Structures are given as C-alpha cells and as structure tokens.
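Small disclaimer: the values here were computed from a predicted structure and weren't measured.
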Amino acid sequence: MTGRTGPAALRSGGRGRAALLLAALLAAILPALLLTAAGAHATGRSAADPKPAVTLSGKQAGKGGEITVKGSGWRANTLLMMLVCGQSSPARGVIGGTNSCANADGRAVTTDSKGAFAKKLPVAEPPVPCPCVVHVATVTGDQSVADAVFVVAGHPVAALPKQTGDGKLAVLATTRLEGDSTILTWFGAPASRRLVLTVGNLGSAAVKDPVFEVGTAHGVYAPQWEERQWRGTIEPGRKARIELPVELTAGAHGDYQVSLKYGTKVLAEQPWGVGRPWGVTLFWILLCLVVPAAVFRIGMAVVDKVRPRSAHAAARSRRGSDRFADVTARLPRLRRAPAPSEGPASATGASTTTAALPWFNPDSAPSEHRPTTKGHS
C-alpha cells in the first residue's frame, strides 16, 4: 500500500510546486505589465495634449498702441519671448529669423503651472514690411513656437518671397572652433570663438541668407540657442564656408558643447574646453590679504591716538626731552655777525653821543702845558 501511495503523493507535491512557480512568475510579470500600460496611457495622453497656442485681444493696432497676448498649451513655468515680426505668416513662420522682428520692444513672460499666460505687448513697427505676426517662442529648453496674425496699421505691406523649391543644407567637412583667448579672458572676460564649417546645398532651390541657431550647453543642461544669420546665397549643388561667432558669459569655464542647428535639424556639434579664469582667483586672494592688513594698521593707529598715557610713559617722554636739551647744549654756538651800519645817519648819532661825554671835552682834557693838581698843595 505504501508503494502505491508514494507516487501519488509525489505527483501532488509536484503540482503544488508548479502552482507556486506560476504564482511567483505572475507576481514578477504583473508590475512590468502595469508599467507598460501606464506608459502607453501616458503616451496617448501626451499625444492628445493641445499644442502651444496664442490669441490676441485685437487683430490690428497702430504704432504706440498695446495689445494683450494670451497663451495656452505651453510647458509649465517656462520663459517665453513675445515679438512683433514682419515678413511672416503662421504657415511659413518668421522669414529671416528675429532680424525681421521689433526686438527692442519685445516682452518676456513666464507661464503658470498650467502652461498659460497673459501679458500686454506694445505695438511696434518691425524693420521689414508686413504681413506681420505676434511671434511667441520659448527661450530655454526644447523650442516651441506659436504665431498669431497681426496687422500693424500704417506699416508697409509686401508679398512674401516665393518658394521655388526646398533648399537643404548639409555639413561637408568637420567643424572646428577658431580663435584664441586673451589676457582679459584670464581675468573673467567672456570667451569667444568662431564656429567654422563647410556646408553644401543638397536641395533644388537656392538658400539665401540662411539663419542658423548656435547653442552652447554646459554639463547636463539644455543648450541655450541664439540665432546667427549668414549673409550670402548657396546655389543648389554648391558649397560655402560658414563662420559664426560663439560667445560665453563672463567668467564661464569648464566643458561646453557647441551645437549648430538649421531649421529643426542639428547639423554639427563641437566640444569646447574653457579654462578657469585664475586672474579672478588671484585678485580675490590679494584682496583678502590687503584689506585686513590695511584695517589692522588703521585700527592700531586709532588705538595709539586715543589710549591714555601712563605715568611711566610720561616720565620716559620727559627724560627724552631732557636728553635732547643736553645734547643741544653741548653743540658749539655760532657767533652772530654784527649788524651792518645804517649809513651817515648812524655815524652822526654816534658822534653826537660821544661829544656829550666829559672826558672827550677839549677844555677838561689834560694837556702837557696845564699841570695837574697831583703834587701841588
């Protein structure tokens, strides 16, 4: 009987272990399935999020006026720049970049926690003719742009340039940074270089005055993009040498990444190692040494002036003055020269005084013919 029941017990034990393994496997796979579903749900929700949009309080205004710009669908707590731009349309964007905008009258605004904003914008005439738009774009991070049609009353209007084809630029040679640092950079002046590259036009239309974006990134931070326009025309199938200035902020140092973007495509990236401005460090070290020393000397001089003098110090001062008097007394005295005579007046005065004396009187003066009383009775 024992021999019959043994295999049945083993089979029941094997089924129990299989159930335990299946439960453990489900417990391990279930969190991954939940995370995948959550990611898919989040992806679907982000795809359904509205795109950045801009609305205006008025479609037309003259120079010197003011409109209210409202936005929605932007990233939360993001810095934006608002500009009135010419030669633009929502479909084609700002032709010529921010060089076509009234940059001096632009306004910055930060979105709230819901990605919305509302701010007044002064109306200014752009440097190029209309059609015009109110151009809103992010300043940092991933670039997002929205345009709203706007009419600047009294400003010239011209047709947009025709698009004859697609001009496509590609980098044909390795990019490089040219330029050297100066002595001022060692003391914290902004470091600057020239980004040099050769590009070719692979499209079927000429590219005239292309607008590039140069970005500088430090560490894990996103690039800070700045527009740089190159003056010239690149015909289809031709190439051109491009030089664009790159400049960092004052005192910047460390490892930087310089990126070049045309449109939405990053054409090139170039590392840039910037040395530390040791002149600034030396200046602060000297300042920390000189200032305390000067304060200490001033403080000792003030203490020496205001502290009371003790009796010992007074006695020592008197002994010093007596010793000085003894030394001066032993010095040889200089005889004073007689005063010069004052001329005939002084001589007359002297003769008048001498004549008044009795022993110089001729009558009383002794002579050889007049005997004296000595020896006579």
Side-chain angles (χ1 to χ4, degrees), residues 79 81 83 93-101 103-104 106 108 127 137-145 167-202 206-235 238-285:
L79 181 63
M81 177 60 71
L83 298 168
V94 180
I95 300 175
T98 54
N99 291 331
S100 303
C101 304
N103 298 307
T138 55
V139 177
T140 59
D142 296 335
Q143 189 174 24
S144 299
V145 177
K168 296 180 181 180
L169 298 181
V171 177
L172 303 180
T174 305
T175 60
R176 62 186 183 275
L177 291 172
E178 293 184 354
D180 297 320
S181 299
T182 61
I183 188 64
L184 297 178
T185 307
W186 200 67
F187 285 94
S192 61
R193 294 289 189 274
R194 295 189 312 276
L195 182 64
V196 181
L197 68 157
T198 302
V199 299
N201 186 359
L202 306 181
V207 178
K208 183 179 180 180
D209 298 338
V211 178
F212 298 92
E213 292 186 59
V214 178
T216 54
H218 181 55
V220 298
Y221 295 100
Q224 303 292 325
W225 298 99
E226 294 184 1
E227 291 184 348
R228 296 285 188 268
Q229 186 173 21
W230 182 77
R231 298 291 182 179
T233 302
I234 307 175
E235 300 293 338
R238 298 300 182 92
K239 61 182 181 179
R241 186 173 186 267
I242 307 294
E243 293 188 10
L244 301 173
V246 184
E247 185 174 289
L248 302 178
T249 58
H253 62 276
D255 295 329
Y256 283 82
Q257 186 82 9
V258 180
S259 305
L260 179 68
K261 184 167 64 173
Y262 179 68
T264 58
K265 182 181 178 182
V266 177
L267 299 180
E269 292 181 344
Q270 180 71 25
W272 183 11
V274 184
R276 182 182 293 273
W278 292 109
V280 179
T281 305
L282 179 62
F283 170 78
W284 285 111
I285 292 176

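In this structure, L83 and G106 approach most closely via the heavy-atom pair CD2-CA, 3.6 Å. A268 and V171 make their closest contact through CB-CG2, 4.4 Å (heavy atoms, listed as atom of the first residue, atom of the second, distance). Between G275 and H253, the shortest heavy-atom distance links the atoms O-CB, 3.4 Å. When all heavy atoms are compared, the tightest approach of F187 to P277 is C-CB, 4.5 Å. Here the shortest heavy-atom pairing between R231 and D209 reads CA-OD1, 3.5 Å. Across all their heavy atoms, Y262 and P210 have their closest contact at CE1-CB, 3.7 Å.
Here the rule is side chain to side chain contact (heavy atoms under 4.5 Å, CB included) with L248, and of V274, T185, V258 only V274 fits it.
Put simply, the side chain of N201 gets close to the backbone of K168: a donor and an acceptor are under 3.5 Å apart. Judged by distance alone, with hydrogens and angles left aside, the side-chain atoms of R228 form a donor-acceptor pair with the main-chain N or O of P245 at under 3.5 Å. No donor-acceptor pair under 3.5 Å is formed between the side chain of R193 and the backbone N or O of V246. Remark: side-chain polar atoms of S100 are paired, donor with acceptor, to backbone N or O of I95 under 3.5 angstrom. D255 places no side-chain N or O within donor-acceptor distance of the main-chain N or O of G273, the cut-off being under 3.5 Å.
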**Derivation and outcome, side-chain contact (heavy atoms from CB on, under 4.5 Å), residues L195 and L177** = CA-CA 5 Å; L195 182 64; L177 291 172; 3.7 Å; yes

**Message:** Assess the residue pair T175 and L260 against the criterion (side-chain contact (heavy atoms from CB on, under 4.5 Å)); give the C-alpha distance rounded to whole Å, side-chain angles, the decisive distance to 0.1 Å, and a yes or no.
**Reply:** CA-CA 10 Å; T175 60; L260 179 68; 5.7 Å; no

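For the atom pair K265 NZ and L169 CG, the distance stands at 9.5 Å (nearest 0.5 Å). E247 CD to R194 CZ: the interatomic distance, rounded to the nearest 0.5 Å, is 13.5 Å. Here the straight-line distance linking atom CD of E213 with atom OG1 of T98 works out to 9.0 Å at 0.5 Å rounding. Rounding to the nearest 0.5 angstrom, the gap separating the OH atom in Y221 from the OG1 atom in T216 is 13.5 Å. In this structure, the separation between CD on E243 and CG on L197 is 9.5 Å, given to the nearest 0.5 Å. To the nearest 0.5 Å, the span separating CD1 on I242 from CZ on F212 amounts to 4.5 Å.
In this structure, R241 places its CZ atom where more than 12 heavy-atom neighbours from other residues, nucleotides or ligands lie under 6.0 Å away. Taking a 6.0 Å sphere around NZ of K261, one finds it holds more than 12 heavy atoms contributed by other residues, nucleotides or ligands.
Contact of the Q257 side chain with the P223 side chain is not registered, since no non-hydrogen atoms from C-beta on lie closer than 4.5 Å. A 4.5 Å side-chain heavy-atom check between E226 and V214 finds every atom pair outside the cut-off.
The aromatic rings of H218 and Y256 lie parallel to each other, their planes meeting at an angle below 30°, with 60° marking the opposite boundary.
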